[in-house]
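Keep in mind that what you see is a predicted model, and the values were worked out from it rather than measured.
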Amino acid sequence: MIKVNLVCVGKLKERYWREAQEEYAKRLSRFCKIEIRELPERATLKEEAEDILRASRGYTFALAIEGKGTDSENFAKKIGALCDRGEEITFIIGSSCGLHESVKSAAKELLSFSEMTFPHQMMRVVLLEQVYRAFMILSGSEYHK
């Protein structure tokens with residue numbers, strides 16, 4: 001079973017975000033081994049970067065506004081190709097201050113969900129939903145319409 005890591009700076013403080021995260025982690029468990037790592041916010045992005053890079057494994061996607069956008073079908077194809085190769089996958093979400101350049105440089109891909117800025121907590125849930133959607137597309141499910 002493929003391993004998918006979500007490396008995030010900061011914690012989900014509100015119960016409803018934690019519950020949404022738990023729901024998608026539960027749904028994803030039938031497709032992959034999901035691990036969510038919450039790293040502490042640090043005084044500088046460089047310090048956060050050191051923690052992020054230590055926690056990252058396999059093929060890494062860093063969420064960044066300057067990254068490349070995609071649609072759900074092509075995202076699913078990318079996930080499917082990585083699964084076919086047996087690659088561990090890591091998604092990185094930085095703090096509200098963003099990501100240090102060293103993290104962006106180390107990532108295999110920079111991924112953008114929009115040119116808009118979203119709250120960290122919301123983006124975490126949106127990302128998990130899209131990873132779940134990708135696996136549902138790959139399984140031929142009706143979930144994706």
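Considering only heavy atoms from C-beta on, Lys68 stays 4.5 Å or farther from Leu110 through its side chain. Looking at Leu53 and Ser102, their side chains come closer than 4.5 Å, going by heavy atoms from C-beta outward. At a threshold of 4.5 Å between non-hydrogen side-chain atoms, the residues Leu6 and Thr90 do not count as touching. Residues Leu39 and Glu48 have side chains not in contact (no heavy-atom distance under 4.5 Å, counting atoms from C-beta outward). Counting heavy atoms from C-beta on, the side chains of Ile34 and Leu128 come closer than 4.5 Å. Here the side chains of Phe31 and Ile2 are not in contact, with every heavy-atom distance at 4.5 Å or above. Between His120 and Ile93 there is a side-chain heavy-atom pair separated by less than 4.5 Å. Contact of the Glu109 side chain with the Lys78 side chain is registered, since non-hydrogen atoms from C-beta on lie closer than 4.5 Å.
With Ser56 contributing its side chain and Ile52 its backbone, the two residues share a donor-acceptor pair below 3.5 Å. Checked by atom type and distance alone, the side chain of Ser95 never pairs as donor or acceptor with a backbone atom of Glu41 at under 3.5 Å. Gln130 places no side-chain N or O within donor-acceptor distance of the main-chain N or O of Leu127, the cut-off being under 3.5 Å.
Closest of all the heavy-atom pairs between His100 and Ala49 is CB-CB, 3.6 Å. In terms of heavy atoms, Ile65 sits closest to Glu115 at CD1-O, 2.8 Å. Closest approach of Val125 and Trp17 over heavy atoms only: CG2-CE3, 3.6 Å. Nearest heavy-atom pair across Gly94 and Leu99 is CA-CD2, 3.4 Å. Closest non-hydrogen pair, Val9 versus Pro40, comes out as CG1-O, 3.9 Å.
Looking at Arg27 and Glu23, a side-chain N of the basic residue comes within less than 4.0 Å of a carboxylate O on the acidic one, giving a salt bridge. A salt bridge does not link Glu50 with Arg42: none of the charged nitrogens is closer than 4.0 Å to a carboxylate oxygen.
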Practice problem: Applying salt bridge (Lys or Arg N to Asp or Glu O under 4.0 Å), run through Glu19 and Arg15 and close with a yes or a no. | Solution: CA-CA 6 Å; Glu19 288 174 352; Arg15 190 182 84 215; 3.0 Å; yes
Exercise. Could you give me the CA-CA distance, side-chain angles and deciding distance for Val126 and Phe118, then say whether side chain to side chain contact (heavy atoms under 4.5 Å, CB included) is met?
Key: CA-CA 10 Å; Val126 169; Phe118 294 98; over 6 Å; no
Exercise. Show your reasoning for whether side chain to side chain contact (heavy atoms under 4.5 Å, CB included) applies to Leu28 and Val131.
Key: CA-CA 8 Å; Leu28 280 164; Val131 173; 3.8 Å; yes
Exercise. I would like to know whether Leu63 and Ser112 meet side chain to side chain contact (heavy atoms under 4.5 Å, CB included); could you show each step before the answer?
Key: CA-CA 6 Å; Leu63 274 63; Ser112 175; over 6 Å; no
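Applying the salt bridge (Lys or Arg N to Asp or Glu O under 4.0 Å) definition to pairs two or more places apart or across chains, those involving residues 116-129 are Glu38-Arg124, Glu129-Arg133. Judged as a ring-ring contact (aromatic ring centres under 6.0 Å, His included), the pairs with a partner in residues 50-70 (not counting sequence neighbours) are, in order, Tyr59-Phe61, Phe61-Phe91.
Interatomic distance, CE of Met122 versus CD of Glu14, reported as 10.5 Å (0.5 Å rounding). Expressed to the nearest 0.5 Å, how far CG of Asp51 lies from CZ of Arg37 amounts to 9.0 Å. Between Lys46 atom NZ and Glu101 atom CD the span is 12.5 Å, to the nearest 0.5 Å. Atom NZ of Lys26 and atom OG of Ser29 lie 8.5 Å apart (nearest 0.5 Å). In this structure, the separation between CZ on Arg30 and OH on Tyr132 is 5.5 Å, given to the nearest 0.5 Å. Atom CD of residue Gln121 and atom OG of residue Ser96 lie 9.0 Å apart, to the nearest 0.5 angstrom.
Cluster membership check: Met1 does not share its hydrophobic cluster with Met136, using side-chain heavy-atom separations under 4.5 Å among Ile, Leu, Val, Met, Phe, Trp and Tyr. Note: the hydrophobic cluster containing Leu138 also contains Leu111 (ILVMFWY, side chain heavy atoms under 4.5 Å, direct or indirect links). Criterion: ILVMFWY side-chain heavy atoms under 4.5 Å apart, direct or through other members. Under it, Met123 and Ile79 are part of a common hydrophobic cluster.
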